[in-house]
Every structure is written in C-alpha cells, then in structure tokens.
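Below is one structure; the comments refer to it alone.
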Amino acid sequence: MSGGSFVVAIDGPAASGKGTLARGLAERFSLAHLDTGSLYRATAFLVLEAGGDPADAAAAERAARHVTPALLGDPRLRGEAVGAAASVVAAIAQVRRALLDFQRDFAAHPPAPPRGSRTRGPRTRGPRIRGAVLDGRDIGSVVCPQAQVKLFLTASLEARAARRLKELRERGEPAIYEAVLLDLKERDARDTLRHAAPLRAAPGAVTIDTTALDADRALESVSQLIARSLDAAR
Ligand code: DC
C-alpha cells in the first residue's frame, strides 16, 4: 500500500464518468477523494488570471507551485476556457513534476473522509482502512503505479460529448453539441499524444466502457472489485 494507505487509481478521458465514479466510491468506502484534474485547472486558472499564456512553460510552472488546496474547489475552475487551458498546461513536463508531490502525498496520507460518510453497499470485513481514490489521466501509470486497484474508463466520443453538453446546459452555459464534440476531440488528442505522461491504460488496469452504463451501474460493478481488494488488504 502507498505508505500504508489503500489507493484506487481511476484514469480516462474527459467525460468518461471517472469523476462521478470516484466520488461514489469514496463515499461508499469512506475513502478520501482527489480530482487531480482540478490541480491542472487551478494552474491554468492562475496563469489566465495573471494574463499569461498557458503554453508558457515558466509561467505555468510558477502557477503550479502556487496552487493551494483551497483553490481546488473553486467553481471558476469548471468553465470550458479553464478546461481547455488546463490541457495545455498539463502537457508541460515541469508543471507535471511540480504537481506530483502533492498527489503522492495525498495518496500516502489521505485526509479523513467527511463525517457522515460510511461504508454502504457490498459488505467488507475487518477494521476500516485508510485510503484514497484519485482520478485523472496518469494516476495508475505515473502518480500511483502501486495502487491496489487501477481502473481505466472509456466511452465513445459521442456519448462523452452528450454528457458534457448536458452538464454545461445544467450549469446554464450555452453550448452546442458539435462544438463540444470538437473540443473533446482536441482535448483527447492533446492528452493522448503529449510526450509527458500521456493518457493511456496503466499495466494491470481494468478497463470499463461506460458508453452504455449509467453512473449507478458503473458504481455497482466496480464496488464488488473494491470490496474484494479491501478485504484482501486487511
Ligand atoms: O479531468 P479534467 O477535464 O478536469 O482535466 C483537466 C485537464 O488536466 C485535462 O486536459 C487533462 C489534464 N489532466 C492530466 O493531464 N493529468 C491528470 N492526472 C488529470 C488531468
């Protein structure tokens, strides 16, 4: 285990359902959760706020070093412009290095989960285990290659575009399907083809295609796997 902690690594492209699954698993098994995309979004946000260029490696690295945990929950990180800039700063190796220790430290020393969250669903035996769910693009391959459970979520581009469109409209942002599809395609290309920690399934990862799977069914199917792994780790 990572410094005595139980780690679930979830990777996959944008809108593959990994965030929803990660939150659901964290709540169900009383694990801490880190959405690592928010670190890259926070970096991009700080660069944009300062009027900088997200492709400027020195400015982006400086911003990455100024990311604070308090900024990670800021709703301004969720906008599309910040998301697009995040995929630019995420391709810069110095930025990835600057954010690595925070992620590894979170995995090794996860904060206590919020009060009131407790284990539901599949029964697990024995004492409660300290652990964390991290979701992103390189968690199983680079950040936590020793994770007890590694998942790689995929879904068709069209299904992901439809989900993202729904999300944007629910937030009251005007969006059209074709533009969302094109944006996801560009983001996939940047995340997959970049030199630094490209998006790919880590060795040993279980791949789950969520194209025809709703969030509840994805959570149920993965919960069995986590429950078995938790029992084995005790
Ligand atoms: O999951 P998201 O859309 O919030 O991620 C924002 C960007 O950050 C995305 O383009 C990919 C990048 N990212 C990354 O490179 N590595 C991670 N572990 C998480 C996100």
Side-chain angles (χ1 to χ4, degrees), residues 2 7-23 26 33-48 54-55 57 60-61 63-64 67 69 71-107 132-145 147 150-155 157 159-161 163-168 171 173 175 180-202 205 210:
S2 176
V7 176
V8 179
I10 308 182
D11 292 303
S16 56
K18 60 188 188 313
T20 306
L21 179 64
R23 280 190 299 278
H33 170 226
L34 179 63
D35 159 16
T36 64
S38 68
L39 294 167
Y40 295 92
R41 286 175 179 266
T43 301
F45 174 76
L46 291 177
V47 172
L48 295 175
E61 182 185 359
V67 169
L71 180 58
L72 303 183
D74 192 312
R76 291 173 296 177
L77 304 190
R78 309 318 312 172
E80 284 299 274
V82 172
S87 96
V88 175
V89 301
I92 300 170
Q94 298 93 302
V95 168
R96 305 198 72 83
R97 260 199 307 278
L99 296 174
L100 196 54
D101 284 350
F102 180 89
Q103 297 172 80
R104 287 194 172 149
D105 192 52
F106 187 97
V133 183
L134 282 79
D135 71 272
R137 304 294 190 286
D138 63 340
I139 308 304
S141 55
V142 175
V143 179
C144 300
K150 296 184 195 177
L151 305 172
F152 188 78
L153 263 59
T154 60
L157 181 65
R160 293 188 290 123
R163 278 178 206 160
R164 182 50 57 86
L165 184 73
K166 184 165 171 274
E167 239 174 67
L168 290 170
R171 282 211 305 266
E173 290 189 33
V180 171
L181 189 88
L182 187 66
D183 179 65
L184 277 182
K185 231 186 212 171
E186 284 172 5
R187 227 178 275 188
D188 282 356
R190 269 202 296 270
D191 292 346
T192 312
L193 301 175
R194 71 183 177 215
H195 189 66
L199 168 67
R200 64 169 65 116
T210 66

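Side chains are part of it too, since the values below use all heavy atoms of this structure and drop only hydrogens, waters and symmetry mates. Just follow the structure's listing: the first ligand is 1, and inside any ligand the first atom is 1.
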Is it the case that the side chain of Asp11 and the backbone of Phe152 share a donor-acceptor pair, with hydrogens and angles ignored and the cut-off at 3.5 Å?
no

Hey, does Asp138 come in under 3.5 Å of ligand 1, counting only N/O atoms on both sides?
yes

Val133 and Ala22: which non-hydrogen atoms are nearest, and at how many Å?
CG1-CB, 3.7 Å

Which ligand 1 atoms, with their elements, are less than 4.0 angstrom from a heavy-atom of Ser87?
10 (O)

Can a salt bridge be assigned to the pair Arg41 and Asp35 using a cut-off of 4.0 Å between side-chain N and carboxylate O?
no

Closest protein heavy atom (residue, atom, distance) for atom 20 (C) of ligand 1:
Gly37 CA, 3.5 Å

Of all the non-hydrogen atoms in the protein, which one sits nearest to atom 19 (C) of ligand 1, and at what distance?
Thr36 OG1, 3.4 Å

Under 3.5 Å: donor-acceptor pair, side chain of Arg171, backbone of Arg78
yes

Before signing off on this row, confirm whether Asp135 and ligand 1 have an N or O atom pair separated by under 3.5 Å.
no

Considering only heavy atoms, does Glu186 approach ligand 1 within less than 4.0 Å through its side chain, its backbone, both, or neither?
neither

Are any of the N or O atoms of Asp191 closer than 3.5 Å to those of ligand 1?
yes

Protein contact to atom 1 (O) of ligand 1 [nearest heavy atom, distance to 0.1 Å]
Arg137 NH1, 2.9 Å

Mind listing the closest non-hydrogen atom pair of Val82 and Ala44 along with its distance?
O-CB, 3.9 Å

Looking at ligand 1, does Arg190 have a heavy atom less than 4.0 Å from it?
no

Side chains of Thr20 and Arg163: is there a donor and an acceptor less than 3.5 Å apart?
no

Could you identify the single nearest non-hydrogen protein atom to atom 8 (O) of ligand 1 and state the distance to 0.1 Å?
Tyr40 CB, 3.5 Å

Arg194 side-chain N/O to Ala197 backbone N/O, donor-acceptor pair under 3.5 Å
yes

Heavy-atom donor-acceptor pair, Arg104 side chain to Cys144 backbone, under 3.5 Å:
no

Name the closest protein heavy atom to atom 3 (O) of ligand 1, giving the residue it belongs to and the distance to 0.1 Å.
Arg41 NH2, 3.0 Å

Looking at Asp188 and Arg160, is any side-chain nitrogen of the basic one under 4.0 Å from a carboxylate oxygen of the acidic one?
yes

When distances are taken from atom 7 (C) of ligand 1, the protein heavy atom at minimum range is Ala86 CB, 3.8 Å

Looking only at non-hydrogen atoms, find the nearest pair between Ala196 and Ala91 and report the distance.
CB-O, 4.1 Å

Specify the protein heavy atom at minimum distance from atom 16 (N) of ligand 1: its residue, its atom name, and the distance to 0.1 Å.
Arg96 NH2, 3.0 Å

Which heavy atom of the protein is the closest neighbour of atom 12 (C) of ligand 1, given with residue, atom name and distance?
Ala90 CB, 3.6 Å

Can you list the atoms of ligand 1 that are under 4.0 Å from a heavy atom of Lys18?
1 (O)

